[in-house]
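I have placed the structure first, in the form of structure tokens, so that the comments after it can refer back to it.
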Protein chains: 2
Amino acid sequence: MSNKIRIGIAGYGNLGRGVELAVTASDDLELVGIFTRRDPASIQPASGAKVYSYDDAENMADDIDVMVLCGGSATDLPVNGPQFAAKFNTVDSFDTHAQIPAYFANMDEVSRKAGKVAIISVGWDPGLFSLARAYFDSVLPNGDTYTFWGRGVSQGHSDAIRRIDGVKNAIQFTVPIEEAMDAARSGSRPQLTTRQKHLRECYVVAEEGADRAVIENTIKTMPAYFADYDTTVEFLGEEEFKSRFTTMPHGGFVIRSGVTGSANHVTEFSLKLDSNPQFTGSVLTAYTRAAYRLAQAGEKGARTVLDIAPAMISPKSGEQLRAELV
Amino acid sequence: MSNKIRIGIAGYGNLGRGVELAVTASDDLELVGIFTRRDPASIQPASGAKVYSYDDAENMADDIDVMVLCGGSATDLPVNGPQFAAKFNTVDSFDTHAQIPAYFANMDEVSRKAGKVAIISVGWDPGLFSLARAYFDSVLPNGDTYTFWGRGVSQGHSDAIRRIDGVKNAIQFTVPIEEAMDAARSGSRPQLTTRQKHLRECYVVAEEGADRAVIENTIKTMPAYFADYDTTVEFLGEEEFKSRFTTMPHGGFVIRSGVTGSANHVTEFSLKLDSNPQFTGSVLTAYTRAAYRLAQAGEKGARTVLDIAPAMISPKSGEQLRAELV
């Protein structure tokens, strides 16, 4: 019999594969199975884990301590988040910032009723960046916080370009502007506009015969996505596109500039990630420990990373943490 | 009647003054009094707070929700930490890393018996840097963590120089070496020696007639403090010393370089502080909320920052935090 925390993964895209990597690399966690809406027979996980259909999960509540929900925030999690939370302790990466209060309320009601714990919005933003913003806000209350993203691939912006007529493939990099970051760090507490903070670099494969000038203009004038930014568009061939963009790097910066009495202070947290889904999956995996431990302690309901003590996500004991890391 | 958390400050040096600034700037906190071993009449706090002797604290357990202990770790806290913890919820900045497990055990026993909460080793290192090390270790388990300090004043090293014969005044700056930080961030996971990570810059006012060559050699060969570092010594006049070194800046970096599957990641947390005691005081002040809330919830015993959820140190509600900062 195993004393490991038994993990299920619901959804097997890039994020699910990232969680799979992290769970199988952790001595205190055991991957029980991967759940998919596709035909389970069509999936051969790298780890050799068993694959089940979503419907099988219904009967496996006793076999899994924590289900990691790896679906998207737009359409998957609002529907299947509460479904899983009614049966399992869950950890998810719900990342539509404006909808977090509503999603929290929904997950809280369902998981509370089921006597389960649901940790929502885990990852790096929301997630580790939320932690940085909250700690910085508390320890330096008189100040301004600046969040910068990139250099990295924005899935939403890449999708928006791919929906344009005549576009065969596209990828969009969000690029933080060095001058704006330096201004944020300077102690001058500048007001920075959207345009001053980030550039958007677009790499596009056009369909044969498509009007590139029209595509470029459609991108650059797209409301919300690109119109408020300095945007560059570069067209390239399909082969070059495939060879240049093989990974999903990302990262970013949370910078707070604040004052106590007579003194200025700058606090900064940054990430430079070669693989966004692998890193995000690793963060979700760490929070499965918290979901399990909270549930073991009889707690229930929804939580965000702000409600969880750092020691709860570590495989190390309190004694070890105090001796090695405090 | 006030609904504010009632704070006492024990010890009125630079750190106590930092806490005073932070408490009086917080709408949800009330400074009840400052406690000193000196003659209370000799102290006029900037805030106009009442001043009491340590002995008065004995009878004020009902007037103070949290006592912030602002004494030093070498001789003050090991003695008066447990004394205060037997009467009050406490927050302190005990920072002798090697002694933290023993101090924790001592404070835990006393505060548990008294039904109080004692949060130890709060500040930035230990404190915020401990948080960074623990979060990074959990979300990126396959990796190496590097802590760099500075550029900033080390009190311990300045004191060590001042104890040398012929030295009238001295200050020591710890300087992180840029090449070592870049190596830590490179993903190459280098083994860095003590000498490779930090320089030590010493500024010394010599007594008239003192042998500067002897002083310089005594500094540079001092075991533990300077012998393992590249150390520079500059002599200067008393007036110049006073005009150049008027503040107590400090800061540092926690960098982790790690791997998931095929990808490298770098996580980094840094501080650039114009006033070490003011910033440290501000962190201690934030943790008074956690001490109060834990005690209100019936908890008792010692805690470090790793045992405390970030939301516990914020004046903001869970709803506010989710809407504004997650």
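Chain letters run A, B, ... following the sequence lines, proteins first, then strands; residues in each count from 1.
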Partner chain A: residue of [options] with the largest heavy-atom pair count (under 4.5 Å):
options	answer
B/P126, B/A286, B/S275, B/P249	B/S275
B/S282, B/A46, B/S270	B/S270
B/A134, B/G318, B/S262, B/A25	B/S262
B/V283, B/L273, B/L21	B/L273
B/A98, B/P315, B/P310	B/P310

Below 4.5 Å from any heavy atom of chain B, which atoms of A/I308 appear? Answer side chain, backbone, both or neither.
-> backbone

Decide if atom CD of A/E299 counts as having more than 12 heavy atoms of other residues, nucleotides or ligands within a radius under 6.0 Å.
-> yes

Residue [X] versus chain A: region with a heavy atom under 4.5 Å:
X	result
B/L284	neither
B/I313	both
B/T24	neither
B/T304	side chain
B/F104	side chain
B/I100	side chain

Find the one option among A/T247, A/T285, A/L128, A/L271 whose heavy-atom pairs under 4.5 Å with chain B are most numerous.
->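 Option with the greatest count: A/L271.
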
Output every pair passing side chain to side chain donor-acceptor pair (under 3.5 Å) with a member in residues 129-144 of chain B, not counting sequence neighbours, ordered by first then second residue.
-> A/Y135-B/Y135, A/K316-B/D137, B/D125-B/R133, B/R133-B/T147, B/N142-B/R189, B/D144-B/R189

Got a second to check how far A/L131's CG is from B/L325's CG, nearest 0.5 Å?
-> 11.0 Å

NZ (B/K272) and OG1 (A/T267) are apart, to the nearest 0.5 Å, by 12.5 Å

Minimum-distance pair of heavy atoms, taken over all atoms of A/D307 and B/A311 | OD1-CB, 4.0 Å

Kindly give the heavy-atom pair with the smallest separation between B/V326 and A/S121, and that separation in Å.
->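 Closest pair (atom of B/V326, atom of A/S121, distance): CG1-CB, 4.2 Å.
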
Enumerate, atom names and distances included, each donor-acceptor pair closer than 3.5 Å involving a side-chain atom of residues 251-261 of chain A, sequence neighbours excluded.
residue, atom, partner, partner atom, Å
A/R256, NE, A/F136, O, 3.4
A/R256, NE, A/L140, O, 2.8
A/R256, NH1, A/T145, OG1, 2.6
A/R256, NH2, A/L140, O, 3.0
A/R256, NH2, A/P141, O, 3.2
A/R256, NH2, A/G143, O, 3.2
A/T260, OG1, A/H265, NE2, 2.8
A/T260, OG1, B/Q278, OE1, 2.8

